[in-house]
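Below, read A as the first sequence line, B as the second, and so on, with proteins coming before strands; counting in each chain starts at 1.
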Amino acid sequence: MTEDVSQALIMHLPQHVGKAVCVRGWLRNKRSGKNIHFLILRDGTGEVQCVASGDSLPAETMQLCDALGIESSLEVVGIVREDARSPGGYEVALSEVKPLQVVNDFPISKKEHGVEFLMEHRHLWLRSRRQVAILRIRDELEKAWADFFYERGFARVDAPIFTPAACEGTTTLFDVDYHGDTAYLTQSGQLYNEATIFALGRVYCFGPTFRAEKSKTRRHLLEFWMLEMEAAFFEQEDNLRLQEELLVFSIARVLQKCGRELATLQRDTDKLVNIAAPFPRLHYRDAVEQINRQMPDRAEPFRYGDDFGAPEETFISQQFEQPVFVTNFPVGTKAFYMKPDPDEPDTVLAADLLAPEGYGEIVGGSQREDDLDALEKRVGEHGLPREAFQWYFDLRRYGSVPHSGFGLGLERTLAWLCGLSHIREAIPFPRMLHHLYP
RNA sequence: UCCGCGGUAGCUCAAUCGGCAGAGCAGCUGGCUGUUAACCAGUUGGUUGGGGGUUCGAGUCCCUCCCGCGGAGCCA
């Protein structure tokens, strides 16, 4: 290949108009006439039409182009030029074509495929425009979260993946042999965050989370990524405000940086542009009342004290075009570490945030019980092994302060922002019930 | 675990009442002067998910197992 021609990423080609460049990538598509080939090349940063004309290229090169199938890898040299006939407005007039590997049997064709086939070929499916767009937005969202917390003085402190005991229950954990002991894959880093705030004040962790529930719905993964933040001296109100701020910040960032990707996904961005704080808040009691008064096709009334199921959540979120906080759940429905509301002691200072458009719960958060006696009592009521929580009780023995935190699911948030109909597309290699390949 | 739907060519699907297993795309062969999921003509391709049963005859009906999809419970 010509040595003095500069390598260029496809995203930078507009800066090279009139100059010769070398582009390396994969063949997305090809259209051919008798004396001309249009090679659509992609390199991960974009795609560009490359034109091989028999008028300017030797017959051998034209034959090479003829042999190239979709997803062949190649290196080309040519002059960048503007041309209205080319998709994207620019194209490369080829002078050299060097196939790196000629492919003629790429399994995923330009026509439609079923879910089963695509999932079986997830490692190849990721190359599609749609999947690339989703992964770009995922990357931007993760960057936005890191920036958001960095700017506000939060330290990222990673929590362990192996844990000795259940955080909340014991039936939904994956267990692994830990050299003779049983360890569990983490279900939440929260308890560890509660320890590190006493060192760093404001922290968050971000990592994979494992749930062994046999869930089989468009909203569930067995392995998903969750951001969990915890802050000392944060009360319930501070907690909700930060959630609003984080989501508004994230949406603004994705709209600003990922317009092309959202267009590829044909996302109706008006729905995102209109998201604004403060988000509506709905008291659990009022939610129950609305369900019983307005929710259609209900055989039996919803009982105060029960937890919402998916149909109830969907109904609630449909009442709003904004994300909605559901607050003041009855004490019995929620985890042991949540602090009762002093104004309504039979409810907790907790809130779930439900995303609009039927995407369901994306955040769960609460103010934590900071009183040792009350916490020990709750652990007993929940039938949890007191010994395992001694270190956690220590946090209430040595300088206890009011504190709060929340967990935000990456894939559910991404599914919402991208308008995906299934969470499996929101993670490169989804782990689902009976799906461990590839 | 439970409920519902499905499994036919490499892919996406069709097949009437139980009566010769088909189409589009991909592939292959040829054609086409700038294409836009390029187009045109020809053509290859089948253990109808596995096993058992009913029948003169089963993709179709019955039993059973496997796999997939959607939902419930649970949750981010």
Between [Y] and [X], is there a salt bridge with N-O shorter than 4.0 Å?
| X | Y | value |
| --- | --- | --- |
| A/Arg156 | A/Asp158 | yes |
| A/Arg241 | A/Glu237 | yes |
| A/Arg136 | A/Glu140 | no |
| A/Glu313 | A/Arg412 | no |
| A/Arg138 | A/Glu411 | yes |
| A/Asp346 | A/Arg285 | no |

Under 4.0 angstrom, heavy atoms only, what part of the nucleic acid is [X] near: base, sugar-phosphate, or nothing?
| X | value |
| --- | --- |
| A/Leu221 | base |
| A/Gly360 | nothing |
| A/Glu91 | base |

query: Can A/Phe224 be said to stack with the base of B/rA76, given centres closer than 5.5 angstrom and planes under 30 degrees apart?
result: yes
- prompt: Expressed as a whole number of Å, how far does the C1' atom of B/rG42 sit from that of B/rC32?
  reply: 15 Å
message: Below the 4.0 Å mark, does B/rG70 have OP1 or OP2 next to a side-chain nitrogen or oxygen of A/His422?
response: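 Yes.
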query: According to a strict under-4.0 Å criterion, is A/His435 in side-chain N/O contact with OP1 or OP2 of B/rC69?
result: yes
- request: Would you check if the distance from the ring center of A/Phe279 to the ring center of A/Phe320 is below 6.0 Å?
  value: no
Is there a Watson-Crick or G-U wobble partner for [N] with both distances under 3.5 Å, and which nucleotide is it?
| N | value |
| --- | --- |
| B/rC20 | none |
| B/rU54 | none |
| B/rG4 | B/rC69 |
| B/rU47 | none |

- request: Summarise protein proximity over nucleotides 28-33 of chain B in one line of letters, 5' to 3': B for base, S for sugar-phosphate only, - for none, counting protein heavy atoms closer than 4.0 Å.
  value: ----BS
From [atom1] of [X] over to [atom2] of [N], roughly how many Å is that when rounded to an integer?
| X | N | atom1 | atom2 | answer |
| --- | --- | --- | --- | --- |
| A/Glu213 | B/rU1 | CD | P | 16 Å |
| A/Ile108 | B/rC25 | CD1 | P | 20 Å |
| A/Phe106 | B/rG10 | CZ | P | 18 Å |
| A/Leu68 | B/rG27 | CG | P | 13 Å |
| A/Glu411 | B/rC75 | CD | P | 19 Å |
| A/Met62 | B/rG34 | CE | P | 11 Å |
| A/Glu223 | B/rA76 | CD | P | 17 Å |

- request: Look at the rings of A/His123 and A/Tyr437 and say which category their plane angle falls in: under 30° parallel, 30 to 60° tilted, over 60° perpendicular.
  value: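 A/His123 and A/Tyr437: perpendicular rings.
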Check: [X] side chain, [N] base, donor-acceptor under 3.5 Å:
| X | N | value |
| --- | --- | --- |
| A/His220 | B/rC74 | yes |
| A/His113 | B/rC11 | no |
| A/Arg219 | B/rG70 | no |

Side chain of [X] - closest among [options]:
| X | options | value |
| --- | --- | --- |
| A/Arg81 | B/rA76, B/rG34, B/rC67 | B/rG34 |
| A/Gln49 | B/rC75, B/rC74, B/rU35 | B/rU35 |
| A/Glu313 | B/rC75, B/rA76, B/rC74 | B/rC75 |
| A/Lys216 | B/rG68, B/rC69, B/rU35 | B/rC69 |
| A/Val51 | B/rG34, B/rC69, B/rC75 | B/rG34 |
| A/Ser215 | B/rG34, B/rG68, B/rG73 | B/rG73 |
| A/Ala310 | B/rG70, B/rA72, B/rA76 | B/rA72 |
| A/Lys214 | B/rA76, B/rG73, B/rC69 | B/rG73 |
| A/Arg424 | B/rA72, B/rC75, B/rC69 | B/rC69 |

- line: The answer to which of A/Asp83 and A/Phe117 contacts RNA chain B further toward the 5' end, by nearest nucleotide, is A/Phe117
- prompt: Which residue lies toward the 5' end of RNA chain B, A/Ala84 or A/Glu116, if each is placed at its nearest nucleotide?
  reply: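 Final value for this comparison: A/Ala84.
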field: Cation-aromatic face contact A/Arg152/A/Phe148, 6.0 Å, 45 degrees
entry: yes
message: Please report the interatomic distance CZ(A/Phe154) to CD1(A/Ile197), rounded to the nearest 0.5 Å.
response: 10.0 Å
